[in-house]
Amino acid sequence: MEERGKVAGAAAGVLLPRAFFEAPPEQVAPRLLGKLLARRIRGHWVSGRIVEVEAYLGPHNTTPDPAAHSHRGVTERNRALFGPAGHAYVYAIYGMHFCMNITCEPAGRAGCVLLRALEPVAGLKQMRKNRGLSAEGAAWEIACGPGRLCQALGLTRNENGLDLLDEGSPLQALDDGYAIEEAVVTRRIGIRKAAELPLRFALPGHACVSGPKNLKSERLRIA
DNA sequence: GCAGTGATTTGCT
DNA sequence: GCAAATCACTGCG
């Protein structure tokens, strides 16, 4: 029996509305902080709270974003980016890793948000197993980083294009009512092009956030 | 610090 | 076609 949107061992959440993702990525990204990403693995749900994200702008935007995969238009790989909002864009990088994005904006506009880190909430045992960590492994290191996040949740190219807002989907974006008050915004990390844009958002001081701790940052109130 | 991995895209013939 | 360059990373030294 499938319990829709239910996260085993954690407070149940409700699917985020499509309209949540139909906004520009720089608006969606900070709002995603504190929301849940849930993944069904062989009938069991694992989940984590989103604590770090980066926005990537579509080619229609007035601010050019050469770091975005959509920058040079539609290709076989990035097709999902140009589709409707609220879908997964998963791609392989550096041979051995995957990165997970959620598409934003209506079809035809290719903004997206890269999920960089989660605080594990449910199914820690499964996530540690996926990551090759021992049972004593600290929770913060399970999904701190975009590649680790995908490995912990078992996300590969097979999950590319999934609708995160569908009750039957094995990958869902949920709101469990957890509210954050404040975020920090910094430059993006791990890229060379357009890295200076202030499009990385994270929960301040959270142990599960990846990357350097001393980046120049500004506080951001979340309405 | 940097090697290792491979999918993807681009720039040549 | 095919070769070369790129790439939003991690783990090991």
Side-chain angles (χ1 to χ4, degrees), chain A residues 21 24-26 28-30 32-33 37 48 50-59 61 63-83 87-105 109-118 120 127-134 136-162 164 171 173 184-202 207-215 217:
Chain A
F21 291 100
E26 67 273 24
V28 175
L32 260 180
L33 295 173
L37 181 67
I50 298 168
V51 299
E52 182 189 358
V53 296
E54 280 179 2
Y56 285 84
L57 309 179
N61 205 286
T63 305
D65 185 358
H69 284 186
S70 59
H71 183 240
R72 278 172 282 201
V74 186
T75 65
E76 186 76 22
R77 170 174 67 153
N78 68 19
R79 192 175 308 282
L81 288 175
F82 291 84
H87 288 247
Y89 170 52
V90 186
Y91 64 90
I93 192 161
Y94 301 123
M96 32 181 31
H97 304 293
F98 293 94
C99 291
M100 157 84 196
N101 301 251
I102 305 179
T103 61
C104 298
E105 306 184 286
R109 292 177 175 246
C112 68
V113 175
L114 169 69
L115 303 185
R116 292 193 54 90
L118 301 180
M127 286 192 263
R128 283 198 183 90
K129 184 181 168 191
N130 291 348
R131 287 265 292 118
L133 299 171
S134 70
E136 298 82 44
W140 65 264
E141 65 178 346
I142 291 177
C144 75
R148 292 161 170 169
L149 182 157
C150 286
Q151 193 179 20
L153 295 188
L155 300 177
T156 68
R157 295 247 35 204
N158 294 334
E159 282 67 45
N160 184 49
L162 283 179
L164 284 92
L171 186 60
V184 289
V185 53
T186 77
R187 52 155 283 196
R188 297 181 294 185
I189 60 182
I191 55 171
R192 320 203 51 175
K193 288 178 279 192
E196 71 288 353
L197 295 176
L199 293 176
R200 173 174 173 265
F201 304 87
C208 299
V209 172
S210 72
K213 303 287 176 234
N214 305 340
L215 283 181
S217 67

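Heavy atoms only: backbone and side chains are in, while hydrogens, waters and symmetry mates are out. Residue numbering restarts at 1 for every chain, and letters A, B, ... go by the order of the sequence lines.
Annotation: side chain of A:Arg200 is not in contact with side chain of A:Arg187 (no heavy-atom distance under 4.5 Å).
Evaluated for a side-chain hydrogen bond (donor to acceptor under 3.5 Å, both in side chains) with A:Tyr89, the options A:His69, A:Arg79, A:Glu159 yield exactly one hit, A:His69.
Among the atoms of the strands shown, only primed sugar atoms or phosphate atoms (P, OP1, OP2) are found under 4.0 Å from some heavy atom of A:Arg131. Here A:Arg188 lies out of heavy-atom contact (under 4.0 Å) with every strand. Nucleic acid contact for A:Ala195: none, since no nucleic acid atom lies under 4.0 Å from a heavy atom of the residue. Residue contacts for A:Phe98: at a heavy-atom cut-off of 4.0 Å it reaches no nucleic acid atom on any strand shown.
Taking each heavy atom of A:Glu26 and A:Leu57 in turn, the nearest pair found is OE1-CD2, 3.5 Å. Of all the heavy atoms in A:Ala88 and A:Leu164, the pair that sits closest is N-CD1, 3.2 Å. The two residues A:Cys208 and A:Ala117 come nearest to each other via the heavy atoms O-CB, 3.2 Å.
Remark: A:Arg109 engages A:His60 in a side-chain hydrogen bond (donor to acceptor under 3.5 Å, both in side chains) (not counting sequence neighbours). Checked against side-chain hydrogen bond (donor to acceptor under 3.5 Å, both in side chains), A:Asn61 has no partners two or more places apart in sequence or in another chain. Residues satisfying the salt bridge (charged side-chain N to carboxylate O under 4.0 Å, His left out) test with A:Arg188, not counting sequence neighbours, are A:Asp65.
A:Glu52 places a side-chain N or O within donor-acceptor distance of the main-chain N or O of A:Ser210, the cut-off being under 3.5 Å.
The neighbour count for A:Arg157 CZ, taken as heavy atoms of other residues, nucleotides or ligands under 6.0 Å away, is above 12.
Protein atom CZ of A:Arg157 is 10 Å distant from nucleotide atom P of B:dA7, rounded to whole Å. The nearest whole Å value for the distance from the CZ atom in A:Arg77 to the C1' atom in B:dT9 is 8 Å.
Toward the 5′ end of DNA chain C lies the nearest nucleotide of A:Lys193, the other residue of the pair A:Arg148 and A:Lys193 mapping further downstream. When each of A:Glu76 and A:Ile93 is assigned the nucleotide of DNA chain B with its nearest heavy atom, A:Ile93 is the one assigned upstream, toward the 5' end. Nearest-nucleotide mapping onto DNA chain C: of A:Pro66 and A:Cys144, the residue sitting toward the 5' end is A:Pro66.
Heavy-atom contacts of chain A under 4.0 Å fall on DNA chain C between two terminal nucleotides, which in 5' to 3' order are C:dC7 to C:dG11.
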Report all interatomic pairs (protein N or O, nucleotide N or O of nucleotides 2-5 of chain B) with separations under 3.5 Å.
residue	atom	partner	partner atom	Å
B:dT5	O2	A:Tyr94	O	2.6

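For DNA chain C, runs of at least 3 consecutive pairs of the Watson-Crick or G-U wobble type, with both hydrogen-bonding distances under 3.5 angstrom, map to B:1-4 with C:9-12, B:6-12 with C:1-7.
Side-chain contact check for A:His71 and A:Tyr56: no donor-acceptor pair (N or O, by modelled atom type) lies under 3.5 Å.
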